Chemist: 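Below is a structure I'd like to ask you about.
Atoms within a ligand are numbered from 1 in the order they appear, just like the ligands themselves. Worth saying up front: this structure is predicted, and the values here are computed from it rather than measured.
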Amino acid sequence: MQYPVEPPMSQTAFGYNSVMPNSQDIQYMVSDNAPRVLMVGLKRSGKTSILNTVFRQHSPNESLYLDGSARVERHYLQSIPSIALIDVPGSLDLDELSESENTLIFSGNVTIVFVIDAMANDRIRSHSIFRLCTIAKKALDINSAIGIEVLIHKLDSQTIQFKTQIQRMFEMYVQDEDYESNLSDTHVSYHVTSIFNCSIHIALSKIIQKLVPQAATFESLLSSFLAKSESHQVYLVDLTSRLYFAKDNVALDPDFYELVIHYNDLMEEIMKQQRRDIRGSPGASSSTGLVEMDDGLVLSYIAVSPLIGIFNVFSSTSMTRFPIIEYNLQSLRKSLVETLDYQDQQLDAHLNRFRTRHPMSPRSSAS
Ligand SMILES: Nc1nc2c(ncn2[C@@H]2O[C@H](COP(=O)(O)OP(=O)(O)OP(=O)(O)O)[C@@H](O)[C@H]2O)c(=O)[nH]1
Ligand SMILES: [Mg+2]
């Protein structure tokens, strides 16, 4: 099979200068202890649009006129664990890096998110699959624990059947290409996404959950809340990105999650206008909310911290039992706060032990 060396001009934004990887970009990709999610893919596949939609709350339409990225950019998810999401420009081909640079980039707690423009032509598609397999092989040779996630992106409003077919097709393309990268032996996850609906939030939520050490504890707390509270679904949400760290163990209903996103956006909007945080801090009287929709659903909200909230969706027919639901929500919040505090204490104890053993380390002298 022949692969183009570069995508054609139609895939290149105006004002775009091709960049060679430089040491600053490499440093920017690694100079952090936080788990790293590397967003990679060909030019114009949609990496910057995704990160702008999720982390800068840009409307999807704002991405239409984006120039291609010239440098590596970093975004942070800062609530539970700090996770760095790194936008690697499509022109920065990780394949061109030296072995030592690749070792730096792919070592540690790293996940590769490879974004493929599912609507591109056959040539771009082949090039994309080829690049995915090459990068994955390099990364897995260096770090067999690396996570590989593929976003089959820009599937906006097609039917579920069509999206499922496209996903299967891409899985087959990767298998065909995979003769030497052994990807089939590794766990590669595929997600169908678009910035024009909540599919991109669902995909990134599932990806970051794999990096949250307490994810299983959160899920079991949320599930036991759900079992006792006559609710449809409950989410633990990062309020800035609206990604969820955990949900109950019932299959996700995108309509409920979309509701959560809209409610959170509405609170943001009110906060901007009133110039105060109506979401409040833990324990504050303003840290709960309740809204009843026309379609017979009710959404209740409670803050866990200024950055994290619990969103619970239930039927309005259960409103008579709301005092019980509210009591359970308060108990759930308390358990979550305790889990988070315990984690912080463990981390502090670990750091203190480290400082005692290494009194001259820069961290201990700085404190
Ligand atoms: N239809 C559709 N278009 C999208 C979607 N996501 C991104 N795009 C469009 O794809 C184009 C390229 O997006 P970018 O985010 O600049 O792509 P990139 O991967 O960052 O490109 P480089 O910076 O060159 O690597 C833009 O015109 C976006 O509007 C999507 O979900 N659906
Ligand atoms: Mg970009």
Chemist: Ignoring hydrogens and angles, tell me if any N or O in the side chain of Q330 forms a donor-acceptor pair with the backbone of Y327 under 3.5 Å.
Modeler: no
Chemist: Backbone or side chain, does any N or O of D67 fall under 3.5 Å from an N or O of ligand 1?
Modeler: no
Chemist: If you measure every N or O of R44 against every N or O of ligand 1, does any of those distances drop under 3.5 Å?
Modeler: yes
Chemist: For L66, counting its heavy atoms only, list the atoms of ligand 1 lying under 4.0 Å from any of them.
Modeler: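 Selected atoms, number and element: 15 (O), 16 (O).
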Chemist: Side chains of S59 and N61: donor-acceptor distance under 3.5 Å anywhere?
Modeler: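 No.
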Chemist: Counting from 1, what ligand 1 atoms have a heavy atom of S194 closer than 4.0 Å?
Modeler: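 So the answer, numbered in order with elements, is 31 (O).
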Chemist: Using a 4.0 Å heavy-atom cut-off, which part of D156 comes near ligand 1: side chain, backbone, both, or neither?
Modeler: side chain
Chemist: Can you see whether D238 engages S241 through a side-chain donor-acceptor pair at a distance of less than 3.5 angstrom?
Modeler: yes
Chemist: Which atoms of ligand 1 sit under 4.0 Å from any heavy atom of G90?
Modeler: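 Going through ligand 1 atom by atom, the ones under 4.0 Å from G90 are 22 (P), 25 (O).
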Chemist: At a non-hydrogen distance cut-off of under 4.0 Å, which region of S69 contacts ligand 1 (side chain, backbone, both, or neither)?
Modeler: both
Chemist: Do ligand 1 and G46 have nitrogen or oxygen atoms that lie under 3.5 Å from each other?
Modeler: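 For ligand 1, there is an N or O atom that lies under 3.5 Å from one belonging to G46.
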Chemist: Relative to atom 18 (P) of ligand 1, which among E73, K47, K154 owns the nearest non-hydrogen atom?
Modeler: K47
Chemist: Are R56 and E73 close enough for a salt bridge, meaning some N to O gap below 4.0 Å?
Modeler: yes
Chemist: Which of the atoms in ligand 1, numbered in the order shown and given with their element, are less than 4.0 Å from a heavy-atom of G68?
Modeler: 23 (O), 24 (O)
Chemist: Where's the contact between M119 and ligand 1, heavy-atom distance under 4.0 Å: side chain, backbone, both or neither?
Modeler: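 Contact part for M119 vs ligand 1: neither.
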Chemist: Is the shortest side-chain N to carboxylate O distance from E149 to K206 below 4.0 Å?
Modeler: no
Chemist: Could you tell me whether any N, O or S atom belonging to S69 is less than 2.8 Å from the Mg ion (ligand 2)?
Modeler: yes
Chemist: Is a donor on one side and an acceptor on the other found under 3.5 Å between the side chain of S231 and the backbone of S229?
Modeler: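 Between the backbone of S229 and the side chain of S231 there is a qualifying donor-acceptor contact (under 3.5 Å).
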Chemist: Using a strict 4.0 Å cut-off to heavy atoms of P89, name the atoms of ligand 1 that fall inside it.
Modeler: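 Ligand 1 atoms under the 4.0 Å threshold to P89: 25 (O).
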Chemist: Is the closest N or O pair between S91 and ligand 1 shorter than 3.5 Å?
Modeler: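 Not met; the criterion fails.
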Chemist: If we count only N and O atoms by modelled type, under 3.5 Å, do the side chains of T53 and H58 hold a donor and an acceptor together?
Modeler: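 There is no such pair (donor and acceptor under 3.5 Å, judged by atom type) between the side chains of T53 and H58.
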Chemist: Within the structure provided, determine whether F225 and S335 are in side-chain contact (heavy-atom separation under 4.5 Å).
Modeler: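 No. Closest side-chain heavy atoms not under 4.5 Å.
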Chemist: Got a sec: does the NZ of K334 have more than 12 other heavy atoms crowding it under 6.0 Å?
Modeler: no
Chemist: Of all the atoms in ligand 1, which lie at a distance below 4.0 Å from a heavy atom belonging to H153?
Modeler: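 Answer for ligand 1: 5 (C), 6 (N), 7 (C), 30 (C), 31 (O).
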Chemist: Consider every N or O of G41 and every N or O of ligand 1, then say whether any pair is closer than 3.5 Å.
Modeler: no
Chemist: If we only count N/O pairs under 3.5 Å, is K43 in contact with ligand 1?
Modeler: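 N/O-N/O distance below 3.5 Å does not exist for this pair.
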Chemist: Whether D87 and K47 form a salt bridge (side-chain N of Lys/Arg under 4.0 Å from carboxylate O of Asp/Glu) is what I want to check.
Modeler: no
Chemist: Answer yes or no: does an N/O atom from Y65 fall short of 3.5 Å to an N/O atom of ligand 1?
Modeler: no
Chemist: Is any side-chain heavy atom of T48 less than 4.5 Å from a side-chain heavy atom of S69?
Modeler: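 Contact flag for T48/S69 side chains = yes.
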Chemist: Under 4.0 Å from a heavy atom of S49: which atoms of ligand 1 are those, numbered in the order shown and with their elements?
Modeler: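 Contacts of ligand 1 toward S49, numbered from 1: 6 (N), 7 (C), 13 (O), 14 (P), 15 (O), 28 (C).
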Chemist: Using a plain distance cutoff, I'd like to know if L64 has any nitrogen or oxygen under 3.5 Å from a nitrogen or oxygen of ligand 1.
Modeler: yes
Chemist: Distance under 6.0 Å and angle within 45° of the ring axis: does R131 meet both against F114?
Modeler: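 That pair does not qualify as a cation-pi contact.
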Chemist: Output yes when the distance from some N or O of ligand 1 to some N or O of S63 is under 3.5 Å, and no in every other case.
Modeler: yes
Chemist: Looking at side-chain heavy atoms only, is the closest gap between F322 and L290 below 4.5 Å?
Modeler: yes
Chemist: With nothing but distance in play, are any N or O atoms of I195 less than 3.5 Å from an N or O of ligand 1?
Modeler: yes
